[in-house]
Enquirer: 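Have a look at this one before I ask anything.
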Amino acid sequence: MKPEKIRYAIVGTGERAGVFIDAISGKFSDSSELVAFCDISQTRMDWYNQRLQQKFDKAAVPTWLAKDFEDMIFTSKPDTVIVTTIDSTHHIYIIRAMELGCDVISEKPMTTDETRAAAIFEAIDRTGRNLQVAFNYRFSPLASKVRELIRDGAIGQPLHVAFNWTLDTAHGADYFRRWHREKENSGGLLVHKATHHFDLVNWWIDSTPCDVFAMGDVRFYGKSNAEARGETYSYERYTGEKHAEDDPFALRLDEREEFRGLYLDAEEDSGYIRDRNVFGDDITTEDTLSVTARYHCGALLTYSLVAYSPSEGCRIAITGDKGRIEIGFEGRLGKTFVACRNGNDSVESKTPIQVQPMFGEAYCVEIPHPANGHGGSDPAMLERIFSQSPPQDDLCQNATHHDGGASILMGVAANRSIETGALVKIEDLIPLQVTAKI
Ligand SMILES: NC(=O)c1ccc[n+]([C@@H]2O[C@H](COP(=O)([O-])OP(=O)(O)OC[C@H]3O[C@@H](n4cnc5c(N)ncnc54)[C@H](O)[C@@H]3O)[C@@H](O)[C@H]2O)c1
């Protein structure tokens with residue numbers, strides 16, 4: 001049994017923080033308590049405080065500007081700090097919170113480069129504190145079932161993984177409207193987004209990557225790509241821009257209460273523009289990516305990510321020495337499933353998973369239909385984090401800094417490979433004493 005009322009402080013009160021704030025203030029309020037918010041924007045913190053009062057009938061919690069993070073810890077005395085800031089700042093709060101005696105839950109990616117990853121590992125060794133990385137995708141019924149199938153030997157020893165993920169012009173474009181478009185903020189999509197995907201592969205096949213080669217380019221977003229297609233734009237951002245009325249990439253912050261409160265009203269105090277034109281000229285994050293990797297277990301991976309596809313979804317195939325699992329869905333984390341075969345009969349697709357034994361008939365594997373919240377993954381992850389009697393972790397879904405490190409190092413190595421044109425060995429990126437623990 002967990003002790004009563006764990007005290008949580010949240011640093012980074014943007015959109016994602018809402019998932020944790022609502023869980024602590026709502027379903028899990030018997031066991032959890034919010035004690036402070038911290039951000040560079042007073043307006044965003046105030047917006048969440050208003051929501052606490054209006055939605056949950058709770059008192060506002062004390063707010064602290066980022067520069068006063070330490071004072072927040074001393075005064076509010078959280079047990080655990082939840083880090084939901086922009087990616088390139090995660091390490092600052094993870095490390096300082098642990099030094100000041102707190103455990104930490106960090107959003108993915110754990111951090112954005114190898115130096116910061118090594119510093120986090122060192123801080124954990126030094127302080128003995130605990131870091132959990134919020135890999136919600138692991139908790140989706142789809143991902144859990146794949147882990148279970150492989151663990152139970154459905155395809156034998158995994159030898160090859162083909163993993164293709166496409167983001168559409170709504171979801172994919174969103175990484176180019178805001179801070180993610182500058183690679184220094186997010187590590188690029190191979191760190192920011194692919195950390196989910198690399199973590200799934202690592203977890204499914206129970207191994208970590210060692211050799212990585214990658215190519216990546218900005219081919220679709222950005223001013224020069226638009227101009228090469230004969231498109232010119234007169235506006236820097238979308239909201240309030242008359243000429244953007246028919247622009248299919250436009251996001252209008254004044255049309256949704258949450259966007260107005262969290263971003264439009266907060267522009268003055270943080271300078272954060274949430275709706276920049278995706279065809280602006282300062283984009284350094286690649287939108288077209290291919291990675292090849294070898295794992296310590298010997299398995300090979302081919303991975304691709306495209307951020308401007310007409311449709312969203314994924315196709316994954318994991319081939320082992322006793323069979324193959326194929327996974328396919330359209331939409332965000334499994335809204336619509338692609339065709340699945342039972343034996344020779346084509347059946348209406350009710351499941352995204354098909355298993356083909358090496359010498360047997362293919363069969364479909366049913367999973368519970370995904371609920372809301374990233375294909376059902378958010379509610380299940382929150383239950384595991386906040387419940388007083390969480391479900392057993394039979395599939396090892398709880399992710400640590402080892403998992404956070406292993407998945408970002410694949411992205412970091414891939415970024416290095418893009419820069420140098422060479423194959424990158426992960427053991428060359430950070431000291432052996434750190435990689436040995438991953
Ligand atoms: N697991 C998931 O599925 C999932 C989904 C969305 C976002 N995320 C992660 O959550 C994090 C936040 O993403 P978001 O979509 O909420 O972004 P966001 O832009 O809405 O929020 C980021 C917040 O960080 C704050 N911030 C920026 N610099 C800061 C600093 N130096 N100190 C303190 N606060 C600072 C901003 O003011 C803002 O409030 C990211 O790491 C992202 O990868 C995870």
Side-chain angles (χ1 to χ4, degrees), residues 2-3 5-14 16-17 20-21 24 31-42 44-45 48 61-135 184-187 191-192 195 270 385-386 398-409 412 429-438:
K2 289 182 181 177
K5 295 260 185 193
I6 295 183
R7 297 165 65 80
Y8 292 95
I10 300 208
V11 53
T13 51
R16 182 64 181 164
F20 295 97
I21 293 169
I24 295 169
S31 54
S32 320
E33 186 180 1
L34 267 180
V35 296
F37 291 146
C38 179
D39 200 288
I40 53 171
S41 164
Q42 186 64 47
R44 271 191 278 284
M45 294 190 282
Y48 272 116
V61 299
T63 58
W64 302 81
L65 287 175
K67 64 182 175 52
D68 300 321
F69 177 77
E70 292 190 4
D71 290 343
M72 175 193 81
I73 302 280
F74 292 132
T75 309
S76 300
K77 298 186 175 44
D79 301 304
T80 299
V81 173
I82 299 177
V83 180
T84 45
T85 55
I86 66 170
D87 307 345
S88 58
T89 63
H90 287 180
H91 66 293
I92 301 169
Y93 297 110
I94 292 171
I95 293 171
R96 199 64 192 124
M98 291 191 298
E99 287 172 344
L100 297 177
C102 303
D103 290 327
V104 179
I105 296 168
S106 172
E107 255 308 339
K108 48 58 53 176
M110 182 180 84
T111 186
T112 50
D113 69 27
E114 69 277 25
T115 313
R116 291 164 177 174
I120 290 171
F121 273 72
E122 188 277 325
I124 290 170
D125 278 353
R126 180 161 41 87
T127 62
R129 304 312 310 188
N130 183 55
L131 170 62
Q132 184 171 350
V133 180
F135 278 130
E184 68 199 45
N185 291 330
S186 64
V191 172
H192 175 81
T195 187
S270 65
I385 293 176
F386 294 114
N398 295 347
T400 67
H401 56 294
H402 299 289
D403 307 305
S407 85
I408 70 119
L409 285 177
V412 171
L429 285 179
I430 56 174
L432 265 182
Q433 65 267 29
V434 179
T435 33
K437 291 184 197 144
I438 297 173

Enquirer: At their closest point, which heavy atom of Val104 faces which heavy atom of Ile94, and how far apart are they?
Expert: CG2-O, 3.8 Å

Enquirer: If you measure from CG on Asp113 to OG on Ser88, what distance do you get to the nearest 0.5 Å?
Expert: 9.5 Å

Enquirer: Should Thr195 and Phe135 count as side-chain neighbours, where that means a heavy-atom distance under 4.5 Å?
Expert: yes

Enquirer: From Asn130 CG over to Thr400 OG1, what is the distance, rounded to the nearest 0.5 angstrom?
Expert: 8.5 Å

Enquirer: Examine distances only and state if a side-chain atom of Arg7 and a backbone atom of Ser76 form a donor-acceptor pair shorter than 3.5 Å.
Expert: yes

Enquirer: Taking Thr13 as the fixed residue, which of Thr84, Asp39, Thr63 is the one that meets the side chain to side chain donor-acceptor pair (under 3.5 Å) rule?
Expert: Asp39

Enquirer: With side chains defined as the heavy atoms from C-beta onward, is the minimum distance between Ile6 and Thr80 less than 4.5 Å?
Expert: yes

Enquirer: Would you sort out whether Leu100 and Glu70 count as a side-chain contact (heavy atoms from CB on, under 4.5 Å), showing the intermediate values?
Expert: CA-CA 8 Å; Leu100 297 177; Glu70 292 190 4; 4.0 Å; yes

Enquirer: Write down the atom of Ala97, the atom of Val81, and the distance for their closest heavy-atom approach.
Expert: CB-CG2, 3.8 Å

Enquirer: Between CD1 of Ile10 and CD1 of Ile21, what distance do you get to the nearest 0.5 Å?
Expert: 4.5 Å

Enquirer: Take Phe20 and Leu34 through the side-chain contact (heavy atoms from CB on, under 4.5 Å) test and state the conclusion after the steps.
Expert: CA-CA 10 Å; Phe20 295 97; Leu34 267 180; over 6 Å; no

Enquirer: Are the side chain of Thr112 and the backbone N or O of Asn185 linked by a donor-acceptor pair below 3.5 Å?
Expert: no

Enquirer: Please report the closest heavy-atom contact between Ile24 and Ser32, naming both atoms and the distance.
Expert: CG2-CB, 3.7 Å

Enquirer: Mind running side-chain contact (heavy atoms from CB on, under 4.5 Å) on Phe37 and Met72 for me, showing each step along the way?
Expert: CA-CA 8 Å; Phe37 291 146; Met72 175 193 81; over 6 Å; no

Enquirer: How far apart are the C-alpha atoms of Phe121 and Ile430, what are their side-chain angles, what is the distance that settles it, and do they pass the side-chain contact (heavy atoms from CB on, under 4.5 Å) test?
Expert: CA-CA 11 Å; Phe121 273 72; Ile430 56 174; over 6 Å; no

Enquirer: Can you tell if the side chain of Ile73 reaches within under 4.5 Å of the side chain of Cys102, non-hydrogen atoms only?
Expert: yes

Enquirer: Is a donor on one side and an acceptor on the other found under 3.5 Å between the side chain of His90 and the backbone of Pro109?
Expert: yes

Enquirer: At their closest point, which heavy atom of Gly14 faces which heavy atom of Tyr48, and how far apart are they?
Expert: O-OH, 2.7 Å

Enquirer: Working to the nearest 0.5 angstrom, can you tell me the gap between Gln132 CD and Asp403 CG?
Expert: 10.0 Å

Enquirer: Side chains of Phe69 and Ile92: closer than 4.5 Å at any heavy-atom pair?
Expert: no

Enquirer: Measuring from atom CZ of Arg116 to atom CD1 of Ile408, what distance do you get when rounded to the nearest 0.5 angstrom?
Expert: 10.0 Å

Enquirer: Testing the basics here: between Ser41 and Ser270, what is the closest heavy-atom pair and its distance to 0.1 Å?
Expert: CB-CB, 4.0 Å

Enquirer: If you measure from CD1 on Ile82 to CG on Asp103, what distance do you get to the nearest 0.5 Å?
Expert: 11.5 Å

Enquirer: Closest heavy-atom contact between His401 and Ile124?
Expert: CG-CD1, 3.3 Å

